[in-house]
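For reference, the structure is listed below as structure tokens.
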2 protein chains.
Amino acid sequence: MEHSKHTSLKDLARVLGVSIPTVSRALKDSPDISRDLCEQAKRLAQEMNYRPNPFAMSLRKNTPRIIGVIVPDIVTHFFASILSGIEDTAVANGYFVIITTSHESYEHEKRNIENLVNMRVEGIIACLSQEMTDYSHWAALADINMPLILFDRVCLTDRFSSVVADGEQSARAATQHLLDTGSRRVAFIGGANHLDIVKRRKHGYLEALRDNRIPIEKELVVCRKIDYEEGKAATESLLALPQPPDAILAMNDTLAFAAMEVIKSHGLRIPQDVALIGYTDEQHANYVEPKLSAVCHQTYQMGQTACHLLIDRLKGDKTVRQVVVPTSLQIRESSVKEG
Amino acid sequence: MEHSKHTSLKDLARVLGVSIPTVSRALKDSPDISRDLCEQAKRLAQEMNYRPNPFAMSLRKNTPRIIGVIVPDIVTHFFASILSGIEDTAVANGYFVIITTSHESYEHEKRNIENLVNMRVEGIIACLSQEMTDYSHWAALADINMPLILFDRVCLTDRFSSVVADGEQSARAATQHLLDTGSRRVAFIGGANHLDIVKRRKHGYLEALRDNRIPIEKELVVCRKIDYEEGKAATESLLALPQPPDAILAMNDTLAFAAMEVIKSHGLRIPQDVALIGYTDEQHANYVEPKLSAVCHQTYQMGQTACHLLIDRLKGDKTVRQVVVPTSLQIRESSVKEG
DNA sequence: TTGAAAGCGGTACCAG
DNA sequence: CTGGTACCGCTTTCAA
């Protein structure tokens, strides 16, 4: 007896004294129903607060108008903002969004995929978890023809459309900027090496060094995990080097703030002793002192784009695309040693 | 031909050469099916990757195991963290979560409620939008017996269970702390007066003044809107007073960071010239300089609690509760003028 | 131990 | 213009 029974077509039919199919058609202004009945039916539906039962609909055609989303977590601003873009776009197109979190765990991720498939969502938008090293559960989605769009951390890009930032280009620009403003020994703090975002950003960093004919020093590249504590440890290890870096490029917000914390705790000045560039949004960059120079992702747009890709796919567009969303390097206070 | 047909009981039945109901029962280990058939059926289900169709289920009993959530936005850390608590709890109990955002708009809020009801979610967890001044759309949920749990910004607490922080007590403690550590003229920046969180925190602030026999000065209380720009304007107006405050209590994170920005931009020192206390989480409080003394909400727990209240309600517990989640005052650098 | 039939709410097709 | 019938996938009597 939970929520007092919804009214169904049957109820309307009974009151109107006509058959169920007739009411169904009347409500959709079918041309072969008398205008009169149409009006009556609609008025009654209004009065009796009739709502089409989505489960009945979905039972016939498999289209519950629900999109599933899998993100590592909801709390990180980067993901929250992307979710926001997804949600707004989905709603604007008449879809609901079910959000699930992988907590960076392979097991969770697998279970979430399972659950969403079981729920018969029309499509899935996802960002890979860090732990994820084998792609079979994603590939399986292609096999059962479940539309999937990946963003940020992606895989199997020949089979699934994806949305990523221009990681290589942004890291290259950030590194170049550090070198242009007085830094000499630039270090890189990244996440697990198997993630392609790590590869790309690291590659951009290395390219910039090469552009400037700076020999690569392996100790200056620390790739552990995207995690606050790991980021702190990475920074500690850099500062403990016999010849520590005089600048650090941290490849995402978690790592950047971890680095900032550690540099400060060592009594070092930013940017004079160690310059710092991170990846983060405007707000967080401005909150800290010194204000963090950072690569800015257009997170909201990434969410929108991912959702649009999915909706296009649901409408039948089978082409696999890789959308690269440009980033912008925003110079603030933490990076410039000299004008 | 979207996602290649799921296998149904019918498919299994055909292969096994038995009737559909039989398979249905076999899969649930019904006692009146031969052990043999049970085993066979389950094995086959496994092989053929059978998934019960949730729409068919939901069509019979109205229990899609989906919870709807309405929040003002996803991006604000406060909400993101609560969502996280809700999501984890929901999943742990076998529920999906559909998240919708009101964008602080009355219209969106109404539409979201509508949509979730149409979708036949089993219950709703929500935080009121700021714009919301009339409660009828929420009251309507009670009429149709849709379980509703409110958090943070609540209404009709006699009919709906809710989860709130101890706003009055926390504001009182924060104000007392300011007075204890050298501040004399404490101002309060709040949001729209019709929100009960605003009322409660303001009340706590006023109580603290009274406790200390400090006359209340109306100009020191500015309640506009919870919004970054509005918060800046509020702070500006305070600093422009003939006798400006020497301390500010900002009743949430958005307002606190806005206040900090403006105070700094005036070249005033925190806390020496103007002491500041906000409401925010640990991480953000520590990012800024000086580190922000702040009331800390147990956001994740608030989400968990709200979800548990809903699940209990879904299990039949009709008692209406008001859960108050304690806060903690965390003294950092922005508030203490003197030891 | 199993099967047949009805029903959940709606749509589509054919008949009249 | 309207009604009858069948079906989507599953559960639940009731009969056998």
Side-chain angles (χ1 to χ4, degrees), chain A residues 1-42 44-45 48-66 117-122 144, chain B residues 1-42 44-45 48-66 117-122 144:
Chain A
M1 253 289 306
E2 271 313 324
H3 14 141
S4 54
K5 292 277 297 142
H6 288 269
T7 46
S8 68
L9 284 187
K10 191 200 253 178
D11 302 322
L12 299 183
R14 189 173 23 237
V15 176
L16 291 171
V18 297
S19 76
I20 293 172
T22 302
V23 183
S24 170
R25 283 172 292 211
L27 290 179
K28 347 181 103 75
D29 274 324
S30 164
D32 40 39
I33 297 287
S34 73
R35 299 306 317 146
D36 216 42
L37 222 186
C38 284
E39 288 318 312
Q40 258 189 283
K42 289 160 108 177
L44 186 65
M48 296 187 58
N49 199 26
Y50 165 77
R51 315 295 172 150
N53 184 323
F55 303 125
M57 312 282 259
S58 303
L59 188 55
R60 291 186 54 80
K61 355 174 172 213
N62 245 315
T63 58
R65 299 198 76 82
I66 299 180
V117 170
N118 292 351
M119 174 52 72
R120 266 72 164 172
V121 296
E122 289 191 46
I144 64 169
Chain B
M1 255 292 305
E2 270 314 324
H3 13 142
S4 54
K5 293 275 297 140
H6 288 266
T7 46
S8 67
L9 284 187
K10 192 200 253 178
D11 302 322
L12 299 183
R14 189 171 24 236
V15 176
L16 290 172
V18 297
S19 75
I20 294 172
T22 303
V23 183
S24 170
R25 283 173 289 212
L27 289 180
K28 351 181 99 74
D29 273 324
S30 165
D32 42 38
I33 296 288
S34 74
R35 300 307 316 147
D36 216 42
L37 222 186
C38 285
E39 287 317 313
Q40 258 189 283
K42 288 160 108 178
L44 187 64
M48 296 187 59
N49 199 25
Y50 166 76
R51 314 297 171 149
N53 183 324
F55 305 126
M57 311 283 257
S58 304
L59 189 53
R60 292 186 51 82
K61 351 173 172 213
N62 245 317
T63 57
R65 300 199 75 82
I66 300 180
V117 170
N118 293 352
M119 173 54 69
R120 267 72 166 172
V121 297
E122 290 191 43
I144 64 169

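Chain letters run A, B, ... following the sequence lines, proteins first, then strands; residues in each count from 1.
- With a cutoff of under 4.0 Å to any heavy atom of chain B, the contacted region of DNA chain C is bounded 5' to 3' by C:dT1 to C:dG9.
- Across all non-hydrogen atoms, the minimal contact from B:Asp11 to B:His6 is OD2-O, 3.9 Å.
- With a cut-off of 3.5 Å on both pairing distances, the Watson-Crick and G-U wobble pairs of DNA chain C assemble into stems of 3 or more at C:1-16 with D:1-16.
- Distances shorter than 4.0 Å separate none of the side-chain N or O atoms of A:Ser30 from OP1 or OP2 on D:dC1.
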Could you walk me through whether B:Tyr50 and B:Leu44 pass the side chain to side chain contact (heavy atoms under 4.5 Å, CB included) test, one step at a time?
CA-CA 8 Å; B:Tyr50 166 76; B:Leu44 187 64; over 6 Å; no
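- Distance check, rounded to the nearest 0.5 Å: OG of A:Ser58 to CE of A:Met119 gives 10.0 Å.
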In the 5'-to-3' direction, what one-character label does each nucleotide of nucleotides 8-16 of chain D receive under the scheme B = base within less than 4.0 Å of a protein heavy atom, S = sugar-phosphate only, - = no such atom?
BBBBBB---
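- Taking every heavy atom of both residues into account, B:Arg65 and B:Glu122 meet most closely at N-OE2, 2.6 Å.
- Expressed to the nearest 0.5 Å, how far CZ of B:Arg25 lies from CD1 of B:Ile20 amounts to 11.5 Å.
- Taking CG of A:Leu16 as the reference point, atom OG1 of A:Thr22 lies at 9.5 Å (rounded to 0.5 Å).
- Within the 4.0 Å cut-off from OP1 or OP2 of D:dT2, not a single side-chain nitrogen or oxygen of A:Thr22 is found.
- B:Cys38 approaches B:Ala26 most closely through the heavy-atom pair SG-O, 3.6 Å.
- For the pair A:Arg120 (side chain) and A:Asn118 (backbone), a donor-acceptor distance under 3.5 Å is present.
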Show the numbers, then the answer: is there a side chain to side chain contact (heavy atoms under 4.5 Å, CB included) between B:Val15 and B:Leu12?
CA-CA 5 Å; B:Val15 176; B:Leu12 299 183; 5.9 Å; no
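- Side-chain N or O atoms of A:Thr7 include one that pairs as donor or acceptor with a backbone N or O of A:Met48 at under 3.5 Å.
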